[in-house]
K.L.:
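Got a structure here, written out as structure tokens. Questions coming.
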Amino acid sequence: MGIASVLDPVRRRHPGGRPHHKLDLEGTKDLKLLKGPWSKGFAVALAVAYFMIPGSLEEQTLRTLCYCGVYAIGAIGLNILTGFTGQVSLGHAAFFGAGAYCAAYLGSTQGWPFLTYVLAAVVVGLAIGGLVGPFAARLRGNYLAVVTIGLLFLAQHLFMNWETVTGGGNGVTVGEAAIAIGPLDFRDLELGGLKYTFPQAMFWLIWAFVALTALLAKNMVRSRPGRALQAIRDRDLSAEIIGVQPTRYKVAAFAIAGACAAVAGVFYALLQNYVNPSEFGGRIGLFLSITFVAMIIMGGVGTIYGSILGALLVEYGRRFIAERGGDAPIFGIPVEKGWVTTGELNGILFGGLIVFFLLLEPRGLAALWMRVKIWFMSWPFSY
Amino acid sequence: MKKQPWLRLLALLMALALAAAACGGSSDDDDDAGTDTTAADDGGDDGGEEPAGDPEPGPGFDGTTIRLGVLTPTSGSASIIGNPLTKGNQVYWDRVNAEGGVAGKYQVELDIRDTAYTEATAIQEYNASKNDVAMFNQILGTAIIKAVLSQMQQDQIAGAPATLDADWIREPNLVPIGGPYQMQVINGVDWHINENGGEGQKICSLAQDDPYGDAAQEGLDHAGEELGFEPGPRVDFAVATADFTTQINQLEGDACEAVVLVATPLDAAGALGKAAQVGYAPQWLVVSPGFLKLLFAGDLAPYAAENVAVLSEGGNWGDESIPGMGQMIADLETYGGDQVPDPYFAFGYNQSRAVHQILEKAVEMGDLSREGILAAIQEVESLTFDGLLGDYTYGPIEERDPPRTSTIFKFDAAAPTGLTSVAEVESDAAMSFEFDG
């Protein structure tokens, strides 16, 4: 047997034939968005679910899923920054708030069209992220985290005192902001003579943006810039040696995270119909930022779909406990009969889940799914 | 270009799914199913001249039970207000239910939701419960009411604020009770200047940096105009401030001799504790939501007894000369479980009493729909509280007039609620305050 046949397993096994479908010698399959019939089938199922869900779930559940979508957009941005680039940020709520005020001021007060103020929020998010980014070039770890916390307090001060734009401590309503794309008015959606409720319409709109954000993010992380970000995350010095400019990519990651959070903030404001400075800065803002971090930890750091899973787990779980937790028995006694209040139970479980994932599955739900997938891929030799 | 058969399949399935989802929408001819507010249209009988029959079922009313919402903090720092207040709500309705219910036949249930005293959570809880309740029996927090008010107007739903901001007086969707914060501060400052030896003193404020703080500050500014003094600086703080050193130093540095304290109990105790620690002892005029016996007792008690006046309303707990006191105490003993005497409990109890009067009027008008309840609010001539709170003139929204009398209390660790009244004040400055809303 010659050496050529050893290096060419395809020719050696089946002269003129095809390799096994799981064997990828060129690596091109890794770059495909949908890698096989199962992926394509799953995409079709998601698309069907996207259209079916608003017609089959009650209003409150739809609202909860809308909030999940909002947080998913923000979490995707944070995952690009933290999961793919390795930069810690506890200032995500400030970007989120900036987007919310774009909807409140530009959309509601100034009457800008929907896509225009969404675009403005993207620009504002990019700009603020771009301003914070250079700090990441000089700081890392805990020091960077503290700097981003500082951003929360600066944002709160700005939101509280720039009253002409933010309404100050009284907050501002967002009820006048237009939510229309062409002929589709999502405040009063009507298709083919049928009217849809606000949560139904917003579900379609928000989850369309989730899909768009996820697609853009996925395309980025599986291309050259994405590999550069991951190289910086793994070892920025090594990345620099092979020609990646860490400063440039870190600033870009902050800017992208800021833009994603700002878009999420726009939808948050539209759902809430009201925004107040205290939500995005200081103590409550820090809690919101930590919630975003928890979402990517529980969903899966360094995966796009993990951000969405994390948002669904945290936000849907929170709402589920708020709705059903009061009747849940702990040692046989309903929660509201004396153990803790439902709100306290929510806090306890939230904290417990973070600890659980960090200790037992630091790569989150995405890793659980990967294990299942690998088990089936290697079946029947799954040991 | 390579053909993608799965894309065709996807397009086909999407079309089918959209058609199926459309079943969840509503046609133009069937508005009732499409929106929440139109569903309420069924609830009432608009014929005002015919005798009113039994109210039709509608949101929050199934024909036998009226469901009322409660948006209150049951977790977090403000839960020490929210929990006793909600207990007061519940105890009142337990007694009414035992007597047959509203109009002697409709039982009342509360749907209690935790807002954690944050606007964001409150809005979500409001949306989660609004379709299941006839109105809100309690919404706690000035900032929280501001957050949900536009939604309430849009949904045509009524609610009783557990906050005393004067802004609510001209709001058709709200059922305020008690003298507003502005009244408390004006009367409190008037008492301090005219009866407590505070004439010529520099009066400042230490206020929460939100609409609650703004409301009390408005009272202080009005008192300054009417009583002829220039208020000192307003020092702000955020809810749940960990350390009040900066604020106390600022007040001391500005030589403030009296301070209006606008806070919730944990922050109030934190500020007073810091002041006691550094030996700063002005006359503190604490707006009613800042007091809680549990927090003022202990090490803080001597300082509080010496320097604190609490601005509130009503009389001493257990004062049998107040007509409604005996009933409230009896209800607390019967239905209150381990609830101790508490001013927030009393407020919650009276709040349910106010909502009860509104619901009785709505039943009398034969309409427990949301529109019916909003109409009943403007049909009730006044809300009365058997002396536990001042009577509140209702009727058309522009004629609403809150009680303008306040009670000044001193801290007394031996009293059941920790408060003993020292004066009842209805000042000229309070009478001159106009509620524009």
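Each chain gets a letter, A, B and so on, in the order the sequences are listed, and its residues count up from 1. What you see below is based on every heavy atom in this structure, not just the backbone, and it leaves out hydrogens, waters and symmetry mates.
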K.L.:
Can you say whether B:Ala238 sits under 4.5 Å from chain A via the side chain, the backbone, both, or neither, judging by heavy atoms?
P.N.:
neither
K.L.:
For chain A, which candidate among B:Ser129, B:Ser79, B:Ala147, B:Ser75 shows the most heavy-atom pairs at distances under 4.5 Å?
P.N.:
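The answer is B:Ala147.
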K.L.:
Looking at every heavy atom in both B:Pro211 and A:Gly169, which two are closest together, and how far apart are they?
P.N.:
CD-O, 3.5 Å
K.L.:
Kindly give the heavy-atom pair with the smallest separation between B:Gln154 and A:Asn273, and that separation in Å.
P.N.:
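Result for this residue pair: OE1-ND2, 3.7 Å.
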K.L.:
Check step by step if side chain to side chain contact (heavy atoms under 4.5 Å, CB included) holds for B:Asp114 and A:Asn346.
P.N.:
CA-CA 10 Å; B:Asp114 180 23; A:Asn346 233 327; over 6 Å; no
K.L.:
If you take all heavy atoms of B:Ala143 and A:Tyr274, which pair is closest and at what distance?
P.N.:
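Between these two residues, the closest heavy atoms are O-OH, 4.1 Å.
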K.L.:
Who among A:Gln156, A:Glu279, A:Gln272 has the most heavy-atom pairs with chain B under 4.5 Å?
P.N.:
A:Gln272
K.L.:
Less than 4.5 Å to any heavy atom of chain A: does that hold for the side chain of B:Asp338, its backbone, both, or neither?
P.N.:
neither
K.L.:
So what's closer than 4.5 Å to chain A heavy atoms on B:Val148: side chain, backbone, both or neither?
P.N.:
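Contact with chain A involves no heavy atom of B:Val148 at all.
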K.L.:
Taking side chain as everything from C-beta outward and backbone as N, CA, C, O, which of these in A:Asn276 sits under 4.5 Å from a heavy atom of chain B? Side chain, backbone, both or neither.
P.N.:
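Just the side chain, heavy atoms under 4.5 Å.
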K.L.:
Taking side chain as C-beta onward, heavy atoms only, is B:Val239 less than 4.5 Å from A:Arg283?
P.N.:
yes
K.L.:
Quick check: closest heavy atoms across B:Asn127 and A:Leu271, and the distance to 0.1 Å?
P.N.:
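Answer, listing the atom of B:Asn127 first, then A:Leu271: ND2-O, 4.5 Å.
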K.L.:
Under 4.5 Å heavy-atom distance to chain B, tell me which part of A:Tyr50 shows up: side chain, backbone, both or neither.
P.N.:
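For A:Tyr50, neither part sits under 4.5 Å from chain B.
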K.L.:
Which atoms of B:Ala120 are under 4.5 Å from chain A, going by heavy atoms: the side chain, the backbone, both sets, or neither?
P.N.:
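Both parts, backbone and side chain.
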K.L.:
Ignoring hydrogens, what is the shortest heavy-atom contact between B:Glu119 and A:Ser278? Give both atom names and the distance.
P.N.:
OE1-OG, 3.3 Å
K.L.:
Is the number of heavy atoms from other residues, nucleotides or ligands under 6.0 Å of B:Gln153 CD greater than 12?
P.N.:
yes
K.L.:
Do you know which two heavy atoms are closest between B:Thr121 and A:Arg318, and how far apart they sit?
P.N.:
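Heavy-atom minimum between the residues: CG2-NH1, 4.4 Å.
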